[in-house]
Amino acid sequence: MTTTRSLAIFILANVCLFVMISTSIAQFIIDTNGESVEEGDEYFIRPAITSNGGSFSLVLNNGSCPWNVGLDNPDLPHGLTVVFIPFVSHHDEDDVRHNRDLRIQFIASTTCGQSTDWRLGERDATSGRRLIITGKDDGTIGSFGNFFRIMQSEAAGIYFIEWCPREVCPDCMLECGAVGIIHENGKNLLALDVDLVPVVFQKS
């Protein structure tokens, strides 16, 4: 009886440990090599569905600043790398977690002389779309427009990006939205309020 009870306790303890480890791993973003995405390392963001276009890049829309975030820049067939900067640092961990506020920053410089951080633009009066542009938030939408979230899809290793900075502003009434692609002026631009685009992360 004692042996059976000890065996049951041993099995239960190992099951609990496995669940804890699995839950911990599931919190982290995984790249295309099956490794955890790490803060400060450079990655290409690519659509999980290849027909959606190439890697994410800077796109000059309407020939004026600021630059937009989009796809299919012919001068950059591999896109631009980004780094992820979590709003809350986990000190002893560099792994980036899903469903947490973070900044996404292109490793690039532009002729606009602005930051290459992703930023939520204001709603366009004509189309009603909220484009993803670049630059530091100037406070027009509460000084938290630079913070996005990476969300897990139903498929392992495939994610989608949304704007919903709950950690930055937990008491704000936010009109959250997932990032998708729209076709405007012959360009593929990222925006909210459109069909979302699933993505993967490829280490550079």
Side-chain angles (χ1 to χ4, degrees), residues 27 29-30 37 43-62 65-73 79-80 82-88 96-106 114-155 157-201:
Q27 294 178 353
I29 310 300
I30 303 301
V37 170
Y43 296 86
F44 295 108
I45 305 178
R46 304 182 64 88
I49 302 172
T50 56
S51 60
N52 282 332
S55 298
F56 290 15
S57 184
L58 287 164
V59 178
L60 191 59
N61 190 30
N62 295 322
C65 297
W67 288 73
N68 287 70
V69 181
L71 298 170
D72 295 337
N73 186 330
L80 289 172
V82 302
V83 294
F84 301 104
I85 307 166
F87 173 65
V88 177
V96 177
R97 304 181 182 207
H98 67 74
N99 199 22
R100 305 297 293 270
D101 294 355
L102 51 74
R103 288 165 41 216
I104 305 173
Q105 182 183 78
F106 281 122
Q114 296 174 318
S115 164
T116 54
D117 278 39
W118 290 25
R119 176 163 71 94
L120 179 63
E122 295 185 46
R123 189 179 295 279
D124 182 78
T126 303
S127 68
R129 306 298 189 192
R130 292 181 289 172
L131 295 175
I132 308 303
I133 59 177
T134 57
K136 288 291 187 182
D137 191 340
D138 58 9
T140 54
I141 53 174
S143 299
F144 44 80
N146 288 124
F147 290 92
F148 293 80
R149 290 186 168 212
I150 299 171
M151 308 297 291
Q152 174 70 59
S153 75
E154 294 181 356
I158 298 178
Y159 305 88
F160 63 91
I161 300 170
E162 72 170 18
W163 180 84
C164 197
R166 296 292 186 190
E167 288 181 292
V168 176
C169 195
D171 299 322
C172 291
M173 298 293 291
L174 300 172
E175 189 178 351
C176 300
V179 174
I181 300 173
I182 64 170
H183 306 286
E184 186 174 289
N185 301 321
K187 298 181 173 70
N188 298 318
L189 306 177
L190 298 193
L192 303 189
D193 316 309
V194 295
D195 292 337
L196 65 84
V197 55
V199 298
V200 294
F201 305 103

Asn185 atom CG: more than 12 heavy-atom contacts under 6.0 Å: yes
[Y] and [X], any side-chain heavy atoms less than 4.5 Å apart:
| X | Y | answer |
| --- | --- | --- |
| Val199 | Val179 | no |
| Leu102 | Ile85 | no |
| Thr134 | Val69 | yes |
| Val197 | Phe160 | no |
| Leu190 | Ile181 | yes |

Starting at [atom1] of [X], measure out to [atom2] of [Y] and round the result to the nearest 0.5 Å.
| X | Y | atom1 | atom2 | answer |
| --- | --- | --- | --- | --- |
| Asn99 | Arg149 | CG | CZ | 5.0 Å |
| Lys136 | Thr116 | NZ | OG1 | 9.0 Å |
| Glu162 | Ile150 | CD | CD1 | 11.0 Å |
| Cys176 | Leu120 | SG | CG | 10.5 Å |

Evaluation steps, side chain to side chain contact (heavy atoms under 4.5 Å, CB included), between His183 and Asn188: CA-CA 5 Å; His183 306 286; Asn188 298 318; 2.4 Å; yes
From CA spacing to verdict: side chain to side chain contact (heavy atoms under 4.5 Å, CB included), Leu196, Ile161: CA-CA 8 Å; Leu196 65 84; Ile161 300 170; over 6 Å; no
Of the non-hydrogen atoms in [X] and [Y], which two are nearest, and what is the gap between them?
| X | Y | value |
| --- | --- | --- |
| Ser57 | Gly79 | CB-CA, 4.2 Å |
| Ile158 | Gln152 | O-NE2, 3.3 Å |
| Gly121 | Arg130 | O-CB, 4.0 Å |
| Ser55 | Leu71 | O-CD2, 3.5 Å |

For Leu60, side-chain contact (heavy atoms from CB on, under 4.5 Å) partners two or more places apart: Trp67
Check: Asp193 side chain, Leu131 main-chain N or O, donor-acceptor pair, under 3.5 Å: no
Side-chain donor-acceptor contact under 3.5 Å, Asn146 with Arg119: no
Contacts of Phe201 that satisfy ring pair (Phe, Tyr, Trp, His ring centres under 6.0 Å) - sequence neighbours left out: Phe84, Tyr159
Partners meeting side chain to side chain donor-acceptor pair (under 3.5 Å) with [X] (sequence neighbours left out):
| X | result |
| --- | --- |
| Arg129 | none |
| Glu184 | Asn61 |
| Ser115 | Asp117 |

Member of Trp118, Phe87, Trp163 meeting the ring-ring contact (aromatic ring centres under 6.0 Å, His included) criterion with Phe147: Phe87
Residues 166-175, side-chain donor-acceptor partners within the protein, below 3.5 Å, at least two apart:
unit_1: Glu167; atom_1: OE1; unit_2: Asp101; atom_2: N; d: 2.7
unit_1: Glu167; atom_1: OE2; unit_2: Arg100; atom_2: NE; d: 2.9
unit_1: Glu167; atom_1: OE2; unit_2: Arg100; atom_2: NH2; d: 3.0
unit_1: Glu175; atom_1: OE1; unit_2: Arg123; atom_2: NH2; d: 3.3
unit_1: Glu175; atom_1: OE2; unit_2: Arg123; atom_2: NH2; d: 2.8

